[in-house]
Colleague: 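Pasting in a structure now, in structure tokens, and then I'll have a few things to ask.
Numbered from 1 within each chain, the chains take letters A, B, ... in sequence-line order.
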There are 2 protein chains.
Amino acid sequence: MVPRKPREERINEITQAAIDVFLEKGYENTTMDTIAKKAGISKGGLYHYFPSKDMVLVSANEKISEKVGEIMESAGCCSSVREGILYYIENYIRYWLEHPKETAFLFLSIAKMLENPELLKYYQQYTSDYVAFFEGAFNLGIQLGEFKPHNVKASAITLMAALDGVLSYMIFDEELVLEEVVKQFEEKFITPIEV
Amino acid sequence: MVPRKPREERINEITQAAIDVFLEKGYENTTMDTIAKKAGISKGGLYHYFPSKDMVLVSANEKISEKVGEIMESAGCCSSVREGILYYIENYIRYWLEHPKETAFLFLSIAKMLENPELLKYYQQYTSDYVAFFEGAFNLGIQLGEFKPHNVKASAITLMAALDGVLSYMIFDEELVLEEVVKQFEEKFITPIEV
DNA sequence: CCTACCGATCGGTAGG
DNA sequence: CCTACCGATCGGTAGG
């Protein structure tokens with residue numbers, strides 16, 4: 001028997017269907033059957049592709065976070081390392097700010113992964129990529145003489161942490177303007193390490 | 001009919017029972033009946049004190065976060081504002097780091113509150129208290145000539161955000177030592193504003 | 001023995 | 001503050 005569609009593609013469709021329902025109804029209020037129906041598949045068929053609802057969560061989380069990878073890539077085109085990092089910070093915050101439901105889902109995913117040792121490794125992958133991005137950028141900046149030598153990994157983690165942390169604050173506090181926050185991040189995380 | 005115990009006390013007992021079960025089994029795997037049994041009450045009785053499972057979550061969250069208030073108070077006794085803020089940063093991180101289950105629960109609570117407009121106000125209360133603490137500290141520091149005048153609210157939010165954000169990183173990344181992280185926070189958030 | 005599924009139903013639980 | 005009980009639903013699995 002020949003598969004109608006490649007496995008990868010099917011997984012992609014299911015993940016997108018899951019995201020649609022998760023964002024509309026929340027994770028806990030979404031049934032596997034609803035996801036299956038939306039993906040044009042049976043529940044039994046869904047379990048052929050995903051071993052559990054948790055793994056659908058992980059897959060949805062990965063897909064939602066893909067946008068962040070794109071922002072990283074675009075940041076590479078900036079004229080200086082400094083501009084690249086600022087570009088990333090601004091667009092990272094902007095993306096989540098413009099997608100509050102995705103942000104709530106992101107936080108739920110983190111919570112789920114933190115409380116489930118089986119899932120923790122997916123979260124580790126997700127964060128180590130982001131930290132590596134900043135580490136690479138800082139190192140490049142040092143190499144190019146833009147930045148002073150410093151503890152690059154520690155800086156990268158603090159910056160990533162502050163970015164993640166600030167998201168939930170910004171969602172409900174309308175006084176917090178994007179430009180203000182970006183300026184803050186520039187003052188705290190970039191200016192001090194500049195040559 | 002005379003209540004056997006004051007309402008406040010009963011709510012406290014139930015909240016503690018709920019925390020015990022939440023931390024052991026996770027929020028979603030905890031039934032109202034289990035909480036009730038643990039608190040020595042019936043499920044019907046439990047609903048006399050809490051209108052919904054969500055409100056038990058909020059109450060549990062408040063109680064778990066009480067420790068943070070105590071750290072704030074202790075920080076007031078430090079010899080300088082600088083030392084007080086450092087004391088708070090160190091003990092805030094230490095507390096959550098030593099209680100990873102509580103941290104996972106905290107993140108879950110945030111996620112729940114972000115996705116439920118009804119609950120958002122509880123989260124707002126929770127954060128505005130913390131931001132106010134740092135705002136107060138920074139203002140005092142400026143008054144006493146320890147710190148340079150600067151955008152105090154923005155600094156407070158960025159610092160709080162970074163603190164919250166760094167927690168999830170530290171839980172799984174064992175390379176991240178408390179002292180290192182505290183040093184980072186000092187460099188980024190205190191040294192630059194010192195006179 | 002493998003793949004890509006399906007219709008039907010299980011044992012157990014939920015908040016109220 | 002309880003017993004009794006509801007309408008509905010869940011994630012996951014069976015055989016084919």
Side-chain angles (χ1 to χ4, degrees), chain A residues 1-22 24-61 105 108-109 111-113 115-119 122, chain B residues 1-19 21-22 24-61 108-109 112-113 115-119:
Chain A
M1 198 174 166
V2 180
R4 299 191 206 145
K5 290 183 182 180
R7 188 175 173 85
E8 274 302 314
E9 198 178 316
R10 215 80 185 81
I11 286 182
N12 233 310
E13 289 174 4
I14 296 170
T15 304
Q16 188 52 57
I19 289 174
D20 292 346
V21 192
F22 285 157
E24 192 198 326
K25 313 171 78 138
Y27 178 73
E28 301 299 341
N29 297 322
T30 298
T31 72
M32 290 296 265
D33 199 54
T34 308
I35 296 170
K37 291 255 170 60
K38 185 115 189 175
I41 207 178
S42 73
K43 193 164 64 152
L46 172 53
Y47 273 94
H48 177 69
Y49 293 102
F50 289 96
S52 68
K53 198 183 173 188
D54 275 351
M55 287 310 297
V56 182
L57 174 89
V58 169
S59 182
N61 197 51
F105 181 73
L108 186 83
S109 303
K112 285 258 158 204
M113 293 177 190
E115 75 181 14
N116 185 343
E118 301 283 307
L119 296 179
Y122 299 102
Chain B
M1 196 175 165
V2 181
R4 297 192 207 144
K5 290 182 183 180
R7 186 174 175 87
E8 274 302 314
E9 197 179 317
R10 214 81 185 83
I11 286 182
N12 234 310
E13 288 173 5
I14 296 169
T15 304
Q16 188 52 58
I19 289 174
V21 192
F22 286 156
E24 191 198 326
K25 313 171 79 143
Y27 178 74
E28 300 299 342
N29 298 322
T30 298
T31 71
M32 291 294 265
D33 200 54
T34 306
I35 296 170
K37 291 256 170 60
K38 185 116 189 174
I41 207 178
S42 74
K43 194 163 62 153
L46 172 53
Y47 273 93
H48 176 68
Y49 293 102
F50 289 96
S52 68
K53 198 183 174 189
D54 275 350
M55 287 311 296
V56 182
L57 174 90
V58 169
S59 182
N61 197 52
L108 186 84
S109 303
K112 285 260 157 201
M113 293 178 190
E115 75 181 14
N116 185 343
E118 300 284 307
L119 296 180

Colleague: Taking atom C1' of C:dT3 as reference, at what distance in whole Å does atom CD1 of A:I41 sit?
Modeller: 13 Å
Colleague: When the distance from CE of B:M55 to P of C:dG15 is rounded to whole Å, what number comes out?
Modeller: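 Taking atom P of C:dG15 as the reference, CE of B:M55 is at 16 Å.
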Colleague: Does B:E28 have any salt bridge (charged side-chain N to carboxylate O under 4.0 Å, His left out) partners at least two apart in sequence or in another chain, and if so, which?
Modeller: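 With neighbours one apart ignored, the set is B:K112.
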Colleague: Which value, rounded to the nearest 0.5 Å, describes the distance between A:Y49 atom OH and A:T15 atom OG1?
Modeller: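 If I round to the nearest 0.5 Å, the distance is 11.5 Å.
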Colleague: For nucleotides C:dT13 and D:dC6, find the distance between their C1' atoms and express it as a whole number of Å.
Modeller: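 The answer is 14 Å between these two C1' atoms.
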Colleague: With heavy atoms under 4.0 Å as the rule, sort B:L46 into base, sugar-phosphate or nothing.
Modeller: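 It contacts nothing in the nucleic acid.
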Colleague: Would you please classify the geometry between the A:F22 ring and the A:F105 ring as parallel, tilted or perpendicular, with 30° and 60° separating the classes?
Modeller: parallel
Colleague: Got a sec, which residues hit side chain to side chain contact (heavy atoms under 4.5 Å, CB included) with A:K37, two or more places apart in sequence or on another chain?
Modeller: A:D33
Colleague: How many angstroms lie between CD1 in B:I19 and NZ in B:K38, if you round to the nearest 0.5 Å?
Modeller: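 Answer for the CD1-NZ pair, B:I19 versus B:K38, is 12.0 Å.
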Colleague: Please list, chain by chain and in numerical order, all residues satisfying salt bridge (charged side-chain N to carboxylate O under 4.0 Å, His left out) with B:E118, sequence neighbours excluded.
Modeller: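 B:E118: no salt bridge (charged side-chain N to carboxylate O under 4.0 Å, His left out) contacts found.
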Colleague: CZ of A:F50 versus C1' of C:dC5: gap in Å, rounded?
Modeller: 15 Å
Colleague: Between P on D:dG15 and NE2 on A:H48, what's the gap in Å once rounded to a whole number?
Modeller: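 Distance, rounded to whole Å: 18 Å.
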Colleague: For D:dG7 versus C:dG12, give the span between their P atoms, rounded off to a whole number of Å.
Modeller: 23 Å
Colleague: Stem finding on DNA chain C, please: runs of three or more consecutive Watson-Crick or G-U wobble pairs, both distances under 3.5 Å, sorted by first number.
Modeller: none
Colleague: Is the closest side-chain donor-acceptor distance between A:Q16 and A:N12 under 3.5 Å?
Modeller: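 No, because no side-chain N or O of A:Q16 sits under 3.5 Å from a partner of the opposite role on A:N12.
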Colleague: Give me the distances for all protein-to-nucleotides 7-11 of chain D N/O pairs that come in under 3.5 Å?
Modeller:
{"from": "D:dG11", "atom 1": "OP1", "to": "A:T30", "atom 2": "O", "distance (Å)": "3.1"}
{"from": "D:dG11", "atom 1": "OP1", "to": "A:K53", "atom 2": "NZ", "distance (Å)": "2.6"}
{"from": "D:dG11", "atom 1": "OP2", "to": "A:M32", "atom 2": "N", "distance (Å)": "3.2"}
{"from": "D:dG11", "atom 1": "N7", "to": "A:K43", "atom 2": "NZ", "distance (Å)": "3.1"}
{"from": "D:dG11", "atom 1": "O6", "to": "A:K43", "atom 2": "NZ", "distance (Å)": "3.3"}

Colleague: My understanding is that only residues two or more places apart in sequence, or in another chain, count here; which of them pass ring pair (Phe, Tyr, Trp, His ring centres under 6.0 Å) with A:Y47?
Modeller: none
